[in-house]
Engineer: 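Could you have a look at this structure, given as structure tokens, before my questions?
Throughout, a chain's letter reflects where its sequence line sits, starting with A, and its residues are numbered from 1.
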4 protein chains.
Amino acid sequence: MVDRRGRPRRAETGPAILDAAMELLREAGYGGLSIEAVAVRAGVTRPTVYRRWPDKAHLAIDALSRAVPIAAAPDTGDTRTDLHLLAHGLVDRLVRTGLAPVILALHADSIGREELAGPLRELYLRPRLGTITDVVTRGIARGDLPPGTSPATARDLLAGPLVYRGLVAGDITDADVDELVDAAWRALTAPASGTG
Amino acid sequence: MVDRRGRPRRAETGPAILDAAMELLREAGYGGLSIEAVAVRAGVTRPTVYRRWPDKAHLAIDALSRAVPIAAAPDTGDTRTDLHLLAHGLVDRLVRTGLAPVILALHADSIGREELAGPLRELYLRPRLGTITDVVTRGIARGDLPPGTSPATARDLLAGPLVYRGLVAGDITDADVDELVDAAWRALTAPASGTG
Amino acid sequence: MVDRRGRPRRAETGPAILDAAMELLREAGYGGLSIEAVAVRAGVTRPTVYRRWPDKAHLAIDALSRAVPIAAAPDTGDTRTDLHLLAHGLVDRLVRTGLAPVILALHADSIGREELAGPLRELYLRPRLGTITDVVTRGIARGDLPPGTSPATARDLLAGPLVYRGLVAGDITDADVDELVDAAWRALTAPASGTG
Amino acid sequence: MVDRRGRPRRAETGPAILDAAMELLREAGYGGLSIEAVAVRAGVTRPTVYRRWPDKAHLAIDALSRAVPIAAAPDTGDTRTDLHLLAHGLVDRLVRTGLAPVILALHADSIGREELAGPLRELYLRPRLGTITDVVTRGIARGDLPPGTSPATARDLLAGPLVYRGLVAGDITDADVDELVDAAWRALTAPASGTG
DNA sequence: ATCTAAGCGAGACGGTACGTCCTGTCTTGAG
DNA sequence: CTCAAGACAGGACGTACCGTCTCGCTTAGAT
């Protein structure tokens, strides 16, 4: 049972802080996010922010989890098409909105800090990667993908090259996406081949 | 031609600063790197650091470029084996030394800032990814890989899933590496398959 | 009505800063006063000093206003004697304590900057020069000085030569003081004389 | 005999530095004068300035000594008129050009530092106060002033109140000057009066 | 005709201080 | 107990000057 004594929290405060954080993440990136600026923009004092989030990483995780939409898993009847749609949607939502560097920085910040990595996985990542799992699961059921296909591997093969291309090249075109999804498809569907 | 006028820079200063920066990157990560701390540890004043590097991102790029070894391209005679060796070496050098988050954060910081992205590509990335290009080029010559294989795509298919697995799972095992390299190999060698 | 919201300032901080400033003014002069050193000596951080004083000039004005004693106006019954006592006291308090150069530098710094000149006049100067005004007013009432004597002029005739002698000669003896006060007395009491 | 070996100093350098220093003293005051800025404005490097002047105080003394004109001693035949002319000229040259605070700050900086006070007295002050000595000497010879009049005292009685009024009031009018010169005249010419 | 010394531009260097920003915490008064 | 307000210790930022130094080049008088 929660303790209901004392003045209750204002309902508007939380969302106002999260909105302010998102705006600042978009404008200045993860490195440019500061609790101070968030508080000012949300019309709130710093201790009020700290009362709800312990530091800017947790705040950023919550802000992103709330602001980045979770795409519905496409279901066209053809798994390969579904993966193409998925990948284009992913790129649209992150690269084209400029949030990709924010999410990368946040991941980088979280590596080795389980108190961050946990929430990041559970709140941000899992719901979004669930879409891939859904498509893969359906693909197996439909016979488009081999029965033993691991959703985690599929996720890495699909998202990994896309992320890496964006990271290294700085940008990514629709043709890039198609090329890399096709490659992932081959990796998922081709029979294992020996060395010789 | 270099300008020889003026008091020459002390030869020890540059390396001392880079060493200090590397130590701090290892200890505190990219976010924990501060010019102040670098200067103190290098036994140098802050303005001396700023005389040589405009900000911590440029400094980190130089420090990493100098400290992270460039692996020789393996050449066992079998391209698939070479790629396995390459991948394990990469993971050893970055994930196991804890530098992976640093490099990710640096990349995230550089996206959209060409004055950073350029040096990062040229100084850090290109020499290291050259190893992949070498192996792929040799693989094509040897007939292990199809003639049209693009080194850039090979790079993304190989490194992308490894990086992504590390990013999302927080760690990566030798078995993971083998699994993902095999998948990349299938993507590179399987014939393109239409959906129908 | 003062604003009582917010964490109240620590009562010890202000005096500690002013004490530190006074010590440094005595040791290093106005030019040698630095906010940094004041903060260190007061056991306080630099931002804490800046929260209370905008720059070293304002700080010096407050420090001097608090530290330099305001002499009681002498009242022996004889105005000329009073002025002698006044002048000797002035010289003792400023020249002999080494504060004279500090006050001069502060005045020089304030000329033409009304945001400094104002506080300097009101906080430091007015209370101290009030003593002269008192003596002059009493002197007029007593008949020792002509009825129209202006306190401002009396102030300039008395203090001016003393200051100037100190400034130009670097030091000032008791005999100097007596000589210059006598001269001021003649200027105040002699009837106006024509040119011829 | 001076050593004439070595490359001789460029003749233009000294004056260029002094001109630059004067400009900066006028623009930013004594506190705002920096060797760095002087060097830049004179088109010279910092070590070149330091080769000729040990610090900004010595530089300022030389710059002022060269730039502030030495008035010719007025000689109208009437000493009191001469003193009025002298005082108005003094005020015009210092207060109205804004150099008064600079000279005060320089004096304040020099108190207790004989290596500065000496040059300041000899180079700046003596030639300029010589005018007063001349007028006083002539006044004694002419019988306008008592035979025992000390030029040093005359100087303090004349200049002191003017300086002090400027210092305390921030400005000084022509009427102020006349009033204070008349007072100084009374001090110099009235017979000594005991208090009783 | 060299040699040698100094002047000078250039710019690095260790240092000190600047004034600002942000962190995370604490302390008050009011709701 | 929440919240606004704001002080506080602490730490870092990036910049400005300080006074010194070490170079390469130039300019001259001394040898």
Engineer: Out of curiosity, A:Glu23 CD to A:Leu33 CG, how far, rounded to the nearest 0.5 Å?
Structural biologist: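 Going from the CD atom of A:Glu23 to the CG atom of A:Leu33 covers 11.5 Å.
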Engineer: Once rounded to the nearest 0.5 Å, what's the spacing between atom CG of D:Leu167 and atom CG of C:Leu167?
Structural biologist: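 Here the interatomic distance stands at 9.0 Å.
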Engineer: Run the side chain to side chain donor-acceptor pair (under 3.5 Å) test against B:Thr45 and tell me which residues pass, sequence neighbours left out.
Structural biologist: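 Checked B:Thr45 against side chain to side chain donor-acceptor pair (under 3.5 Å); matches are B:Thr48.
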Engineer: Could you work out which one of F:dT15, E:dA12, E:dT20 sits closest to the side chain of B:Tyr50?
Structural biologist: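 Looking only at side-chain atoms, B:Tyr50 lies closest to F:dT15.
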Engineer: Send over the distance from A:Trp53 CH2 to E:dG24 P, rounded to a whole Å.
Structural biologist: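 For the pair A:Trp53 CH2 and E:dG24 P, the rounded distance is 15 Å.
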Engineer: Go through the steps to decide whether C:Ile17 and C:Trp53 satisfy the test side-chain contact (heavy atoms from CB on, under 4.5 Å), and finish with yes or no.
Structural biologist: CA-CA 10 Å; C:Ile17 292 171; C:Trp53 289 276; 3.6 Å; yes
Engineer: From D:Ile35 CD1 over to D:Tyr50 OH, what is the distance, rounded to the nearest 0.5 angstrom?
Structural biologist: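 These two atoms lie 5.0 Å from each other.
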Engineer: List for me each residue that meets salt bridge (charged side-chain N to carboxylate O under 4.0 Å, His left out) alongside B:Asp55, sequence neighbours excluded, and say none if there are none.
Structural biologist: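 Salt bridge (charged side-chain N to carboxylate O under 4.0 Å, His left out) check on B:Asp55 returns nothing, list empty.
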Engineer: Drop me the distance from C:Ile61's CD1 to C:Ser110's OG, to the nearest 0.5 angstrom.
Structural biologist: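 C:Ile61 CD1 to C:Ser110 OG: 5.0 Å, rounded to 0.5 Å.
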Engineer: Please list, by residue number, the residues of residues 13-20 of chain D whose heavy atoms come closer than 4.0 Å to an atom of DNA chain E; answer none if no residue qualifies.
Structural biologist: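 Under 4.0 Å from DNA chain E: D:Thr13.
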Engineer: Mark up nucleotides 24-29 of chain F, 5' to 3', with B wherever a protein heavy atom is under 4.0 angstrom from a base atom, S wherever such an atom reaches only the sugar-phosphate, and - elsewhere.
Structural biologist: S-BBSS
Engineer: If the threshold is 4.0 Å, N to carboxylate O, is there a salt bridge linking C:Arg66 and C:Asp62?
Structural biologist: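 The answer is no: the pair does not qualify as a salt bridge.
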Engineer: Test side-chain contact (heavy atoms from CB on, under 4.5 Å) on C:Leu18 and C:Leu59 and set out the steps.
Structural biologist: CA-CA 7 Å; C:Leu18 290 171; C:Leu59 175 55; 3.9 Å; yes
Engineer: Start at the 5' end of DNA chain E and walk down; is the nucleotide closest to B:Arg10 or to C:Arg51 reached first?
Structural biologist: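 Whichever sits nearer the 5' end wins; that is B:Arg10.
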Engineer: Got a donor-acceptor contact below 3.5 angstrom from the C:His58 side chain to the C:Glu115 backbone?
Structural biologist: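 Indeed, once roles are kept as given, a pair shorter than 3.5 Å links the two residues.
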Engineer: With a 4.0 Å heavy-atom cut-off, tell me which residues in residues 54-61 of chain B come close to DNA chain E, sorted by residue number.
Structural biologist: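 By residue number: none to list.
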Engineer: Would you say F:dC8 has OP1 or OP2 under 4.0 Å from some side-chain N or O of C:Arg52?
Structural biologist: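 True: C:Arg52 side-chain N/O within range (under 4.0 Å) of F:dC8 OP1/OP2.
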Engineer: What do the steps show when you test D:Leu64 against D:Leu120 for side-chain contact (heavy atoms from CB on, under 4.5 Å), and what is the final call?
Structural biologist: CA-CA 10 Å; D:Leu64 285 168; D:Leu120 181 58; over 6 Å; no
Engineer: How many whole angstroms separate atom CG of A:Leu24 from atom C1' of E:dC22?
Structural biologist: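 About 14 Å, once rounded to whole Å.
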Engineer: Do the side chains of A:Glu36 and A:Lys56 get close enough for a salt bridge, i.e. N-O under 4.0 angstrom?
Structural biologist: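 No, A:Glu36 and A:Lys56 are not salt-bridged.
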Engineer: For DNA chain E, which residues in residues 27-48 of chain C have a heavy atom at a distance below 4.0 Å?
Structural biologist: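 Hits under 4.0 Å, by residue number: C:Ser34, C:Ile35, C:Glu36, C:Arg46, C:Pro47.
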Engineer: Side chains of D:Arg121 and D:Glu114: does their closest heavy-atom pair fall under 4.5 Å?
Structural biologist: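 When only atoms from C-beta onward are counted, D:Glu114 and D:Arg121 do touch, with a gap below 4.5 Å.
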